[in-house]
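What follows is a set of notes on a single structure, which appears directly below.
Please read all numbers here as calculations on a predicted model, not as lab measurements.
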Amino acid sequence: MTKSHILQNKVYLYLTEFFAGMSVMAVELGASRLLAPYFSSSQIVWTIIIGTIMIAMALGNIYGGRAADKNPDPDRLYGRLVIAAIWIAAIPVAGKYVILGISALLVFTVNTNFLIWAAFLACMAIFVFPLFLLGTVTPSLVKYTVDSLEDNGKTVGMLNASNTIGSILGTFLPTFVTIPAVGTSVTFLIFAGILLLLALVYLISEKRKQKRAAVGIAVYVLCWVIGASDSFAFWESGLTYEGESIYNYLQVKEDEDSVVLSTNVLFGVQSILKKDDSLTGMYYDYAMAAPLMAGVCEKDTADMLILGMGTGTYALQCGRYFQNIAIEGVEIDEKITDLAHQYFRLPQEIPITTYDGRAYLHAVDKKYDIIMVDAYQDITIPFQMSSQEFFTMVKNHLTPDGVMVVNMNMRGTQEGNINQYLSDTIASVFPAVYTVDVAGSTNRELFASASAEILSVMQDNLAVASDPRFVDLIDQVSAGLCKYEPGDYCMTDDKAPVELLGMQVIDELIQEEVGYYKEIFSREGIQGLLDAM
């Protein structure tokens with residue numbers, strides 16, 4: 001095989017390997033952010049992403065090796081890079097429609113493991129082909145770089161090192177630089193542009209396939225014009241804010257009555273501000289029973305810690321009804337804290353630490369009268385904040401009559417559901433545990449304490465409350481409170497299958513939501529379904 005002029009320079013080949021490895025990791029990280037608004041960012045989704053990408057790379061390695069032996073033409077390799085670049089550039093344009101299309105089809109045909117099937121098929125449809133093409137790079141480059149058997153080990157080692165170093169940068173750059181700065185869509189376009197430029201250098205310098213190069217440039221520019229947006233939630237319009245942080249896809253929407261924050265989910269509310277300072281009608285209201293249970297009205301001052309501060313909905317409400325509470329918050333996502341100050345009227349005076357909730361408890365010795373645990377989002381439940389060891393740590397940071405309140409936002413009905421596991425785990429640590437279902441939602445509030453007197457203390461403190469709306473609310477909570485009878489389900493740091501348990505509940509919720517439409521579809525077909533919608 002006679003090498004082209006540019007391929008005689010091994011530096012260019014090593015650069016090809018370097019940027020191919022970088023792009024693979026960048027696409028993998030971008031995939032997690034593209035899927036998060038629809039399927040969450042749980043370990044299940046990450047497993048699916050990694051698995052499908054490994055499948056694509058393995059198949060690409062096999063095909064690339066055979067193709068290089070059969071026809072060692074570098075035009076083919078760099079032509080494949082052009083196609084991969086165009087495909088990756090098109091992901092911001094078409095990816096969300098593919099995800100929604102697949103989800104819409106599966107929701108009427110799959111009864112269990114919907115999340116797994118939808119995320120897996122979406123990954124296969126969107127990401128496997130371009131990564132398959134990138135998987136052909138290494139075996140092809142080996143063919144072009146190995147000159148003799150005497151130095152083939154050194155050459156292959158240099159190629160692998162180039163790929164690995166590129167992969168390292170492709171891991172850090174999207175997470176810490178491009179996604180927070182310019183968003184996931186532009187991140188895809190940036191790395192697609194790098195691949196395209198790499199291929200164009202070869203095609204133009206060797207004067208090969210000029211039409212393919214021109215088409216590649218034209219399609220890339222079109223994708224940039226259409227897809228260079230941070231808008232994933234095309235089902236929403238008129239958003240006040242839409243963007244991304246290191247941890248989350250974020251959207252803020254506003255109407256005449258309220259401002260709402262949603263993160264990483266197609267449905268759901270993570271924080272809300274009522275513009276008239278009224279009660280939210282959500283779990284934040286129910287959780288205000290915790291200060292009464294801790295007897296804050298009988299104390300000169302009381303200390304509250306909120307793990308999962310969000311934009312401060314609970315902090316604002318407690319501060320409004322209990323003036324003697326000193327509130328601290330812990331929020332892992334600094335961008336959410338910024339939004340809290342910008343859109344949700346959270347006072348700068350309330351101290352918020354940007355940290356993981358459990359790590360924060362490790363770092364402080366202070367004891368609190370109330371600790372609110374509100375770090376659970378849909379299926380994305382941090383296992384380290386759901387274990388026996390974590391709740392023991394919370395108990396050790398409470399005063400003797402202190403109260404922990406936990407928001408559990410997926411109310412399952414099957415035996416051994418996620419809430420049962422969480423409740424049993426908490427009951428193995430706290431002797432007094434009570435739960436109440438939040439009306440009109442899937443949320444359940446759990447109150448736990450080392451003191452057995454929290455219900456009587458709550459009634460004594462309620463007697464001094466003057467706001468009739470607040471009194472009615474707590475009466476409603478009190479009427480729904482049930483003493484929790486613990487079972488044998490318990491999670492530890494070693495074993496906490498929160499993702500699988502959460503997925504079971506999501507399957508239940510989906511079937512409840514679409515049951516009506518599935519019945520119409522089975523009886524009247526697609527036309528009946530369209531008429532009903």
**OP:** Evaluate the criterion side chain to side chain contact (heavy atoms under 4.5 Å, CB included) for residue pair Val252 and Val260; output intermediate values, then yes/no.
**Re:** CA-CA 6 Å; Val252 175; Val260 171; over 6 Å; no
**OP:** Please step through side-chain hydrogen bond (donor to acceptor under 3.5 Å, both in side chains) for the pair Tyr421 and Ser386, ending with a clear verdict.
**Re:** CA-CA 9 Å; Tyr421 264 89; Ser386 62; over 6 Å; no
**OP:** Show the numbers, then the answer: is there a ring-ring contact (aromatic ring centres under 6.0 Å, His included) between Tyr284 and Tyr314?
**Re:** CA-CA 6 Å; Tyr284 312 100; Tyr314 187 58; 7.5 Å; no
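Taking a 6.0 Å sphere around CH2 of Trp46, one finds it holds more than 12 heavy atoms contributed by other residues, nucleotides or ligands. Within a 6.0 Å sphere centred on CG of Asp255, heavy atoms belonging to other residues, nucleotides or ligands number more than 12. More than 12 heavy atoms of other residues, nucleotides or ligands lie within 6.0 Å of CD in Glu389, so this atom counts as buried by the packing criterion. Taking a 6.0 Å sphere around CG of Asn71, one finds it holds more than 12 heavy atoms contributed by other residues, nucleotides or ligands.
Annotation: side-chain hydrogen bond (donor to acceptor under 3.5 Å, both in side chains) contacts of Ser140 (sequence neighbours excluded): Arg80. Scanning for side chain to side chain contact (heavy atoms under 4.5 Å, CB included) contacts around Glu254 gives Thr240, Val259, Lys275, with sequence neighbours left out. Checked against side chain to side chain contact (heavy atoms under 4.5 Å, CB included), Lys495 has the following partners two or more places apart in sequence or in another chain: Thr492, Pro497. The side chain to side chain contact (heavy atoms under 4.5 Å, CB included) check on Ala359 picks up Tyr355, Asp356, with sequence neighbours excluded. Applying the side-chain hydrogen bond (donor to acceptor under 3.5 Å, both in side chains) rule to Ser103 yields no partners; only residues at least two apart in sequence or on another chain are considered.
Glu331 places a side-chain N or O within 3.5 Å of a backbone atom of Gly310 that can act as its donor or acceptor partner. For the pair Ser271 (side chain) and Thr311 (backbone), a donor-acceptor distance under 3.5 Å is present. Under the 3.5 Å distance criterion, the side-chain polar atoms of Gln388 are left unmatched by any main-chain donor or acceptor of Ile426.
Smallest separation of non-hydrogen atoms from Pro92 and Phe188: CG-CB, 3.8 Å. Heavy-atom minimum distance, Thr425 versus Met491: OG1-N, 2.9 Å.
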Atom pairs and distances, side-chain donor-acceptor, residues 169-179, under 3.5 Å, sequence neighbours left out:
unit_1 : atom_1 : unit_2 : atom_2 : d
Thr171 : OG1    : Ser167 : O      : 2.8
Thr175 : OG1    : Thr171 : O      : 3.3
Thr178 : OG1    : Thr187 : OG1    : 3.0

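If you run side-chain hydrogen bond (donor to acceptor under 3.5 Å, both in side chains) between Tyr283 and each of Asp437, Thr313, Asp374, only Asp374 comes through.
Ring-centre distance between Phe129 and Tyr63: not below the 6.0 Å cut-off.
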